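Reviewing the structure listed below.
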Amino acid sequence: MTLPSLPGGRQPFGVMLAELLGQMPDPSGGPMAEHLECELAEAFGAPHAVAVASGTAALHAALSACGIGPGDEVLVPALTVVMTVAPLNALGAIPVFVDSDPASLDLDYDDAARKVTPRTRAIMPVHLWGRMGDPTALTAFASEHGLAVVEDAAQAAGTRRDTLRAGTVGSAGCFSLKDGKILWSGEGGFLLTARPDIAEHARAFRSHWQTPPPGEAPLSRLATNSRLAAPLAAIARVNLDRLAALVERRRAQTRHLLHALEQAPGLTACAPTAREEWNAFAPLLRLSLPRPRAFAEHLAQLGVPNSTGSFRLIPCDARSLFPHSGKPCRGAAEVLEHMLAVILTEHDTETTLDRYAAVITREAAAWTH
Ligand SMILES: *Cc1c(COP(=O)(O)O)cnc(C)c1O
């Protein structure tokens, strides 16, 4: 199998950057981030896009725009990274960890329902590894309980389910442009929303309330600076032009690696449902070997980067950062104990993927005792 090659950008990036540098320093920030926002809205089919400095900042602005503040409870899957939770802390809100269904990786809505209280204000689905939960179940749950939905779609650019794009289901969908995501600009992020009030709040919030929503005075609130720098917006625009190709390449890489591992002992590919067009962010394999987490760590040491082995990903509710109350989220723990999620970049060639497959197969065969 041959991986498709990637096209270049709209114009040589050097030309674009030289033009931009000629205009800097521009205290207004220049129009680059605004151009990016128009193109993002168009590419994702969302009425509004707001560019910010990171995925974390996108979540922070979106939660603030949804009115989340001190003492509010927000349902968050335990099956996520700390970056989802940090903005809640910054707003004085309380994360309430919800379990996941280990088969589908989707939120466990029975557990979520048990954790709703009169103080619950929002739910944050996280499309970890690009896998998107059931949007119908999410929307039904949120409207039954009167909750805002802020999607953490940082890993989910390009995923769709039932024709809905990840990041366009909730009140706001938040993306990261950090290196390592499929759509990248080095650092950066953005949010998508259909609600003009959320877009206006996020625009004010990312720049110290200097450009307030209609009817409010500039600088009438304290906010933050999380603007996206123009050179990073330029990189994002060049990459956005090749978004479809970037997603196709990731899918081809994932197919290639999973195909090469079909006969490997103790590993089973973890496939999405037929209704999901997965962006294939990370090849996912369930491990049925003894001490699976130790195996993932062993692979990381041998140069096969993966979520649990390289980044020690554990369920958020098990982190010492958070107070322990109630029962641990067993579904999330089970997923992270047994999942090998291989970390890819667009530069990984067939040779790299074949090397990963050879190492994984050899080590899995030797790991049985
Ligand atoms: C990368 C990531 C974030 C944070 O994005 P930054 O741009 O690094 O702030 C949040 N959530 C998830 C699931 C991520 O993968």
Side-chain angles (χ1 to χ4, degrees), residues 33 36 40 49-64 74-91 95 97-98 100 105-107 122-133 149-159 166-167 169-170 172-192 202 205-206 224-229 232-233 235-236 239-240 246-247 250 278-284 305-308 310-317 319 321 332 335-336 339 341-345:
L36 171 65
L40 285 167
V50 181
V52 290
S54 70
T56 309
L59 292 162
H60 195 176
L63 288 163
S64 172
V74 176
L75 303 173
V76 188
L79 183 59
T80 193
V81 292
V82 291
M83 296 79 185
T84 311
V85 188
L88 291 172
N89 185 59
L91 291 165
F97 293 113
V98 172
S100 294
L105 310 184
D106 200 354
L107 280 162
I123 184 165
M124 297 175 77
V126 180
H127 309 309
L128 196 66
W129 303 309
R131 287 286 303 272
M132 187 178 168
V149 177
V150 175
E151 293 176 76
D152 182 343
Q155 301 185 0
T159 294
V169 176
C174 302
F175 292 79
S176 167
L177 294 167
K178 187 182 186 302
D179 282 331
K181 316 298 182 186
I182 293 182
L183 177 63
W184 55 269
S185 61
E187 294 282 358
F190 61 95
L191 65 87
L192 303 177
F205 188 81
R206 72 168 168 201
T224 189
N225 165 22
S226 56
R227 295 180 298 262
L228 182 64
L232 299 178
I235 296 174
N239 281 331
L240 184 58
L246 287 167
V247 173
R250 186 62 61 96
W278 182 39
N279 68 359
F281 184 81
L284 298 177
N306 67 87
S307 291
T308 50
S310 308
F311 295 110
R312 308 285 154 107
L313 187 58
I314 59 167
C316 262
D317 69 317
R319 292 190 187 273
L321 280 169
V335 171
L336 290 179
M339 191 68 84
V342 181
I343 293 165
L344 301 179
T345 82

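Both counts, for ligands and for their atoms, begin at 1 and track the order of listing. Numbers here simply count residues along the sequence, with the first being 1. For clarity, every value in this text was computed on a predicted model and none was experimentally measured.
A donor-acceptor pair shorter than 3.5 Å cannot be found between the side chains of His127 and Gln155.
Geometrically, Arg131 does not engage Phe281 in a cation-pi contact, judged by NZ or CZ lying under 6.0 Å from the ring centre and within 45° of the ring axis.
Asp152 contributes no side-chain N or O that, together with a main-chain N or O of Thr80, makes up a donor-acceptor pair within less than 3.5 Å. Using a distance-only test at 3.5 Å, with no hydrogens or angles considered, no donor-acceptor pair links the side chain of Asp317 to the main chain of Arg319. Of the possible donor and acceptor atoms, none in the side chain of Arg206 sits under 3.5 Å from a partner among the backbone N and O of Ala61.
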Tabulated below should be the N or O atoms of ligand 1 paired with protein N or O atoms at under 3.5 Å; can you produce that?
{"from": "ligand 1", "atom 1": "5 (O)", "to": "Ser176", "atom 2": "OG", "distance (Å)": "3.3"}
{"from": "ligand 1", "atom 1": "7 (O)", "to": "Gly55", "atom 2": "N", "distance (Å)": "2.8"}
{"from": "ligand 1", "atom 1": "7 (O)", "to": "Ser176", "atom 2": "OG", "distance (Å)": "2.6"}
{"from": "ligand 1", "atom 1": "9 (O)", "to": "Gly55", "atom 2": "N", "distance (Å)": "3.4"}
{"from": "ligand 1", "atom 1": "9 (O)", "to": "Thr56", "atom 2": "N", "distance (Å)": "2.9"}
{"from": "ligand 1", "atom 1": "9 (O)", "to": "Thr56", "atom 2": "OG1", "distance (Å)": "2.5"}
{"from": "ligand 1", "atom 1": "11 (N)", "to": "Asp152", "atom 2": "OD1", "distance (Å)": "3.3"}
{"from": "ligand 1", "atom 1": "11 (N)", "to": "Asp152", "atom 2": "OD2", "distance (Å)": "2.7"}
{"from": "ligand 1", "atom 1": "15 (O)", "to": "Gln155", "atom 2": "NE2", "distance (Å)": "2.8"}
{"from": "ligand 1", "atom 1": "15 (O)", "to": "Lys181", "atom 2": "NZ", "distance (Å)": "2.6"}

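Using the six-membered ring where Trp is involved, His60 and Phe205 have ring planes that are perpendicular, over 60° apart on the 30 and 60° scheme.
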